[in-house]
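Notes follow once the structure below has been shown.
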Protein chains: 2
Amino acid sequence: MKTLETLNVSPPEENSRRRELIEAAARLFRDQGYERTTVRDLGNAVGLQSGSLFYHFRTKEEILVAVMALGISRTTEQLAEAIAAARSAREKLAALFHVHLNSLLGDNQAALEVMLYEWRSVSESSRPGLIVLRDRYEALWQSVLDEAASQGLVKTDTRLLRRTLLGSLHWSVQWYREDGELTVDQLAERMMALVLTD
Amino acid sequence: MKTLETLNVSPPEENSRRRELIEAAARLFRDQGYERTTVRDLGNAVGLQSGSLFYHFRTKEEILVAVMALGISRTTEQLAEAIAAARSAREKLAALFHVHLNSLLGDNQAALEVMLYEWRSVSESSRPGLIVLRDRYEALWQSVLDEAASQGLVKTDTRLLRRTLLGSLHWSVQWYREDGELTVDQLAERMMALVLTD
DNA sequence: GTCTATAATCAGATAGAC
DNA sequence: GTCTATCTGATTATAGAC
C-alpha cells in the first residue's frame with residue numbers, strides 16, 4: 001500500500017508557514033505562470049528573502065507540487081461532503097457543477113487552476129502522486145454520473161461525459177468574469193441544464 | 001479598418017524558412033512549453049545557431065505569436081471549407097467536431113494546442129491580434145450552433161453551449177491517446193451525440 | 001542569411017552568520 | 001527560522017565577420 005508520502009505529496013498537517021507559502025504561490029502561479037514566477041517573487045509575497053524559502057521546500061518545483069496537491073485535495077473533500085449531504089441523484093449531479101465551479105472560480109482557490117494548467121512543469125517523478133489525487137476526484141464524478149444515468153437524468157456514455165464535462169468546467173476560467181451577468185451558482189445551473197436529458 | 005499587420009500578426013505569405021521555424025516551434029512549445037523551450041532548442045530543431053533566429057524574428061515571443069496565429073488561422077480555414085461543403089445543419093454541426101478534433105489531435109497540428117495553452121506568455125501588446133483571429137473562429141461556431149438550435153438539433157442556450165463545447169474539445173488533448181480505442185473521427189461522433197437533443 | 005563570440009541579465013540554490 | 005552574500009549556470013539578444 002503506497003502512502004501519500006512515498007508519492008511525494010505533502011502530508012495534510014502543514015505548518016502555518018508552509019501553508020501560507022503555498023497559498024501565496026498558488027496565486028502567483030495562476031496569475032503569472034509557474035515558470036515566470038521567480039523564487040524572489042515568492043519570497044516577496046510572504047515577506048521572506050528568496051534563500052529562506054529553501055528551508056521550507058527543497059526546490060521550487062516542490063512548491064508547485066504542494067500547490068497542486070492542495071488544490072485537488074481540497075476540492076475533493078468539498079465534493080465528498082456535498083455528495084454526502086445530497087438527498088437524490090439529481091442533487092448529487094448538481095453538486096458536481098457547483099463545487100467544481102466554486103472551487104475554480106471562487107476567490108481564494110487559485111490552487112485548482114494551477115493543477116489544471118501547469119501540469120507540464122511537474123517532473124516525471126512527482127506526477128504519480130498527483131495522478132492518484134486526480135483519480136480520486138474523478139472517481140467521485142464517475143460514480144455520480146453513473147447513478148444519474150441509471151435514473152435517466154443524463155446520457156449513458158458516462159465515461160466520455162465525465163471527460164467532456166470536466167473539460168467544459170475547466171475552460172470556464174478562460175472566459176468567466178465575476179462582474180458579468182451570471183453568478184457562479186447560476187452558471188452551474190445552466191451548465192447542468194445543458195446535459196440533462198429532457 | 002485594422003489590418004492584420006497592425007495587430008502584429010504574421011502575414012499569410014511566410015517565406016519557407018520562417019514557416020519551417022514556426023512549425024518546429026509549434027512542436028517544441030507544445031511538448032515542453034514556451035518558457036522551457038530555449039532559443040537554442042529552436043535553433044537545433046531547424047539546424048541553425050541560436051543567434052541566427054533573430055534574423056527571422058525580432059524576439060522569441062514573436063515566434064510564439066506566429067505559432068498561435070498559424071494554428072488558429074489554419075483551423076478557421078479548414079472549418080470554413082467544411083461548412084461550405086456541408087449540405088445540412090446537421091452536417092455543419094458535425095464539421096465543428098471533426099475539424100476541431102482533427103486539428104487539435106492530428107499529427108502535425110501542434111500550433112492550435114499552443115494557442116490554447118500558452119496564452120499567458122503572450123504580451124499584452126500582442127493579444128489583440130490573436131483575439132481577432134480567435135473571435136473569427138468562434139463566430140463560425142456560433143452561426144452553426146444557432147442554425148442547429150433553430151432546427152431543434154441542440155439546446156437553445158447556444159452561447160453557453162459554444163463555450164462548453166469548445167472547452168470539452170480543448171480538454172481532449174489531455175486524455176486522448178492515438179493508440180486508444182477511438183479514432184479521432186469516432187470521438188467526434190460520440191462527442192456530438194452527447195449534445196444532440198433526442 | 002548564417003556564423004562566432006559575447007554582452008547583460010537573471011535564474012535556482014547553497015553556506016554560514018545570527 | 002531567517003538573513004546576507006554569493007556561486008554557478010543558463011537565458012535572450014546583439015555585433016560584426018564571412
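Computed from a prediction, not measured in an experiment: that's the story for all the values here. Below, read A as the first sequence line, B as the second, and so on, with proteins coming before strands; counting in each chain starts at 1.
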Is there a chain of hydrophobic side chains (I, L, V, M, F, W, Y, each step under 4.5 Å between heavy atoms) that links A:I22 to A:Y55?
no

Find every protein N or O atom lying less than 3.5 Å from an N or O atom of nucleotides 11-15 of chain D, and list the pairs.
residue : atom : partner : partner atom : Å
D:dT12  : OP1  : B:K60   : NZ           : 2.9
D:dT12  : OP2  : B:V39   : N            : 3.0
D:dA13  : OP2  : B:K60   : N            : 2.8

When you list every nucleotide of DNA chain C with an atom under 4.0 Å from a heavy atom of chain A, which one comes first 5' to 3', and which comes last?
C:dA11 to C:dT14

Please indicate whether A:R159 has more than 12 foreign heavy atoms, meaning atoms of other residues, nucleotides or ligands, lying under 6.0 Å from its CZ.
no

Answer yes when B:E20 and B:R17 have at least one side-chain N-carboxylate O distance shorter than 4.0 Å, and no when they do not.
yes

Looking at B:R120 and B:E35, does any basic side-chain N land under 4.0 Å from a carboxylate oxygen?
no

Please list, chain by chain and in numerical order, all residues satisfying ring-ring contact (aromatic ring centres under 6.0 Å, His included) with A:H170, sequence neighbours excluded.
A:H100, B:W171

Would you confirm whether A:Y176, through its side chain, and A:L182, through its main-chain N or O, come within 3.5 Å as a donor-acceptor pair?
yes

Under 3.5 Å, side chain of A:Q186 to main-chain N/O of A:T183, donor-acceptor pair present?
yes

